[in-house]
A.B. asks: 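The structure's right below; bear with me while I get my questions together.
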2 protein chains.
Amino acid sequence: MPETIRRADRLPGNRYGNRPTMKDVAARAGVGLKTVSRVVNGEPGVTPETEQRVQDAIAALGFRRNDSARVLRKGRTASIGLVLEDLADPFYGPLSRAVEEVARAHGALLINGSSAEDPEREQELVLTLCARRVDGLVVIPAGDDHRYLEPEIRAGVATVFVDRPAGKIDADVVLSDNYGGARGGVAHLIAHGHRRIGFIGDMPRIHTAAERLRGYRAAMEDAGIPVEDAWMSLGVTDPGRVRRAAEGMLSGPAPVTAIFTGNNRVTVTVVRVLAEQSRRVALVGFDDIELADLLQPGVTVVAQDAAALGRTAAERLFRQLDGSLVVPERIELPTRLITRGSGELPPAD
Amino acid sequence: MPETIRRADRLPGNRYGNRPTMKDVAARAGVGLKTVSRVVNGEPGVTPETEQRVQDAIAALGFRRNDSARVLRKGRTASIGLVLEDLADPFYGPLSRAVEEVARAHGALLINGSSAEDPEREQELVLTLCARRVDGLVVIPAGDDHRYLEPEIRAGVATVFVDRPAGKIDADVVLSDNYGGARGGVAHLIAHGHRRIGFIGDMPRIHTAAERLRGYRAAMEDAGIPVEDAWMSLGVTDPGRVRRAAEGMLSGPAPVTAIFTGNNRVTVTVVRVLAEQSRRVALVGFDDIELADLLQPGVTVVAQDAAALGRTAAERLFRQLDGSLVVPERIELPTRLITRGSGELPPAD
DNA sequence: CCCGGCCATGACAACGTTGTCCAGGCTCTA
DNA sequence: TAGAGCCTGGACAACGTTGTCATGGCCGGG
């Protein structure tokens, strides 16, 4: 192991520690400032000999271009922001990664922020990113009013919403077909003979939750089944309350024989509850979950492609930046029903 | 819905679209540039009356401070970089989120980058982040030589390595007790009567993989069990090859009766393979996996706390930036054996 | 009433880079 | 050999902000 670098060894000096600038490099190489800039940026008009002198000076001083200054001068930061709910949620990891890959392909960095489903925090994050002059924003909105973004968009910040539409402004948005997916999932249960079907989902103020609820209602209506209030539980995602909600639906004189769950977190908890039941209860969940195929029975889900959402959104973002997109659009990606057993159980009443 | 903002409506003008600067605000408010700066930054020395005029101008113009320029002037970017392997991996999501929370508490933003386990890409990312003048770096290294970071560290970039130590430089590092955890997990299998125990892990050039392998060997040696080459599969993580490796160990005249898996991805695949076997094979995996408790049998794991790794690392980073840390340290966080059934199966031979 | 000192404010330089423009030296051709 | 044109290289301003310092007005005390 080489000699330890103690932080105490750091030279005092300017604020960046003691970083050489192009000026320093120029002095050392005995050339002008602009010549260094040319070499660093691979611009033409420098003889190989001069270039070599500059390269040597760069290496000797350990120079690295200060992109902060570059950004200030050029106006493009080559970075984009992604505001999502919670990076720790397995749904958002792949989405974020997909956005990062597209950004990378365009030479941009990705700044991540978690809103924790708090509209105020979302706004704070978005505006902070705008102050950093990110070139664009991919937003999974927590709030339902994004008029605060109008001046930013007008000022040239490319913006794409994902997973849920923007509120009160007209902007690009990339969604999954939540309505159709939920409708299909519930219809699947109905096709397997169920009539008393429960729904456990998030607060309907969240667009995805509302759409999935709408899909549930539509499927029930298609089949001519009147929905009872006792079958629906809205605004419930934390494990304890989901558990109580599920147990409630499963008790009483006419318990549900199947449950449709509105997102991955709910599904996981309901799987736990159902595992404790003596009766076999059918289940279809929105969002795929890892290992769903290994459970007994396998969990039938309506899967959305998180990576595709992220990729599509990021690609649109860069097309906005190209100037090749002008009018905001709404893009809906299909969902996919994956049958694994739990959704094909017959009613046990 | 309000009037559509078409991107075509954006005024041309300067590079940021057409953003007002402090100069514009000053002109409109009829005050000096510096007074605007004072108001924006809440500095004292401005009469309430003047301040109001400035605030009005700010609101009227939709001014937002350009943090790029601020950064250039102040020298601190209030952003840190996190370089990890793959944000889509469920292990890194919570880690990243934990780092973000700490950064947020210190008023900093987080820039994420995935190295895809490629040392070159890691270096490229790290150096790009340094060029952006991030204040600090949290790195989950892919490579094993980080001497390229020496000039940066010396120049004042706070640096903490996580999950795996830095190569060939002396730097802060926060690790899980991979050796101890693996040793304990394998000892657990031995305590339940196993002697022919397989190990499937990643390439030993990856520190965590090497340490876990070392733990496996140590536990076996403690029990006086000579390890056979056929029981070990190293450098294998993609599902197809893991499957073949597992099937190989489970066939032949003296198949293993238990398997220790070196990370979450391997564990998942091996669970799939074992589910197809008629014989019951014990399993202990490194890293917890979601729903592990719902499988039949539940999967016994050696769990590490990804969020704690991230949090600890980020806190050290900011303590470096405080100046309250000087000498690099190595911090090891304990792992936890979670018994759920699969690790307690008796040998079936 | 005058002067010292304080307070609000603004002019100016600087941060490190890139774009513009100009100068000087070279080559090539007539 | 002179002039045109090209190629290399450098001086300078500008990006939008903040730190430093100067200025001018006002107040209070002697």
Side-chain angles (χ1 to χ4, degrees), chain A residues 13-55 57-58 61-78 130-133 135 155-156, chain B residues 13-54 57-58 61-78 128 130-133 135 155-156:
Chain A
N14 74 33
R15 298 180 308 278
Y16 289 123
N18 213 7
R19 302 201 89 114
T21 68
M22 285 191 177
K23 199 169 154 188
D24 302 323
V25 174
R28 174 158 187 137
V31 301
L33 183 55
K34 180 64 199 194
T35 301
V36 176
S37 172
R38 274 193 268 262
V39 171
V40 169
N41 294 294
E43 289 170 21
V46 181
T47 54
E49 186 195 339
T50 308
E51 160 150 16
Q52 192 55 53
R53 280 222 311 288
V54 173
Q55 292 288 13
I58 287 176
L61 295 173
F63 166 80
R64 187 157 344 268
R65 181 179 63 198
N66 184 335
D67 279 352
S68 279
R70 175 168 222 253
V71 156
L72 177 61
R73 191 60 233 258
K74 303 202 72 134
R76 279 283 166 106
T77 56
C130 288
R132 297 282 174 119
R133 296 295 189 268
D135 297 334
Chain B
N14 74 33
R15 298 181 305 279
Y16 289 122
N18 212 9
R19 300 202 89 111
T21 70
M22 286 192 178
K23 201 168 151 190
D24 301 324
V25 175
R28 175 160 186 134
V31 302
L33 181 55
K34 180 64 201 193
T35 300
V36 176
S37 173
R38 273 192 268 262
V39 170
V40 169
N41 293 294
E43 289 169 23
V46 181
T47 55
E49 184 196 340
T50 309
E51 160 149 16
Q52 191 54 55
R53 278 222 312 289
V54 173
I58 288 176
L61 295 174
F63 167 80
R64 186 158 342 270
R65 181 178 62 198
N66 184 336
D67 279 352
S68 278
R70 176 166 222 251
V71 155
L72 177 61
R73 191 61 232 258
K74 302 203 74 130
R76 281 280 165 109
T77 56
T128 303
C130 288
R132 297 282 173 120
R133 296 298 187 266
D135 298 334

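Chain letters run A, B, ... following the sequence lines, proteins first and then strands; every chain starts at 1.
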A.B. asks: Which of residues 34-45 of chain B have a heavy atom under 4.0 Å from DNA chain C?
C.D. replies: B/K34, B/T35, B/R38, B/G45
A.B. asks: A/R53 has an atom CZ; how far is it from atom P of D/dG9, in whole Å?
C.D. replies: 8 Å
A.B. asks: Measure from the side-chain heavy atoms of A/M22 and tell me the nearest of D/dG9, D/dG19, C/dT18.
C.D. replies: C/dT18
A.B. asks: Nearest-Å distance, CZ (B/R133) to P (C/dG16)?
C.D. replies: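 My rounded result for the distance is 9 Å.
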A.B. asks: To the nearest Å, give me how far apart CD (A/E49) and C1' (C/dG25) are.
C.D. replies: 15 Å
A.B. asks: Hey, does A/E51 have a side-chain heavy atom less than 4.5 Å from the side chain of A/V54?
C.D. replies: no
A.B. asks: May I ask you to test the A/N41-A/R70 pair for a side-chain heavy-atom distance under 4.5 Å?
C.D. replies: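 Counting from C-beta outward, A/N41 and A/R70 do come under 4.5 Å.
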A.B. asks: With heavy-atom distances below 4.5 Å as the criterion, would you say the side chains of B/T77 and B/R132 are in contact?
C.D. replies: no
A.B. asks: Would one find a side-chain N or O of A/R70 under 4.0 angstrom from OP1 or OP2 of C/dT18?
C.D. replies: yes
A.B. asks: How many Å lie between CG on A/L33 and C1' on C/dC15, as a whole number?
C.D. replies: 13 Å
A.B. asks: Rounded to whole angstrom units, what separation is found between the CG atom of B/D67 and the C1' atom of D/dC15?
C.D. replies: 15 Å
A.B. asks: Checking contacts here: which listed nucleotide (D/dG19, D/dA14, D/dG10) is nearest the side-chain heavy atoms of B/K74?
C.D. replies: D/dG19
A.B. asks: Considering only heavy atoms from C-beta outward, does the side chain of A/D24 approach that of A/T21 to under 4.5 Å?
C.D. replies: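 They are in side-chain contact.
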A.B. asks: C/dT17, OP1 or OP2 - any side-chain N/O from A/S68 closer than 4.0 Å?
C.D. replies: no
A.B. asks: Taking 4.0 Å as the cut-off, does a side-chain nitrogen or oxygen of A/T47 come that near to OP1 or OP2 on D/dC7?
C.D. replies: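 A/T47 to D/dC7 OP1/OP2: no side-chain N or O under 4.0 Å.
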A.B. asks: Tell me: NZ of A/K23 to C1' of D/dG10, nearest whole Å?
C.D. replies: 14 Å
A.B. asks: DNA chain C: A/R65 or B/A69, which has the more 5' nearest nucleotide?
C.D. replies: B/A69
A.B. asks: Mind grabbing the angle between the end helix axes of the helix from C/dC1-D/dG30 to C/dA30-D/dT1? Five pairs an end, 10° rounding.
C.D. replies: 50°
A.B. asks: Can you tell me how far P of D/dG19 sits from CZ of B/R73, to the nearest Å?
C.D. replies: 7 Å
A.B. asks: To the nearest 0.5 Å, tell me how far A/M22 CE sits from A/K34 NZ.
C.D. replies: 8.5 Å
A.B. asks: When rounded to the nearest 0.5 angstrom, what is the spacing between OG1 in A/T35 and CZ in A/R53?
C.D. replies: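 Result: 9.0 Å between the selected atoms.
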A.B. asks: Write down the distance between CG (A/D24) and C1' (C/dT17), rounded to a whole number of angstrom.
C.D. replies: 13 Å
A.B. asks: Once you round to the nearest 0.5 Å, how far does OG of B/S37 lie from CZ of B/R65?
C.D. replies: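 One gets 8.5 Å once the value is rounded to the nearest 0.5 Å.
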A.B. asks: Any side-chain heavy-atom pair from B/R28 and B/L61 closer than 4.5 angstrom?
C.D. replies: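 The answer is yes, as the side chains (C-beta and beyond) meet within the 4.5 Å cut-off.
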A.B. asks: Should B/N66 and B/R19 count as side-chain neighbours, where that means a heavy-atom distance under 4.5 Å?
C.D. replies: no
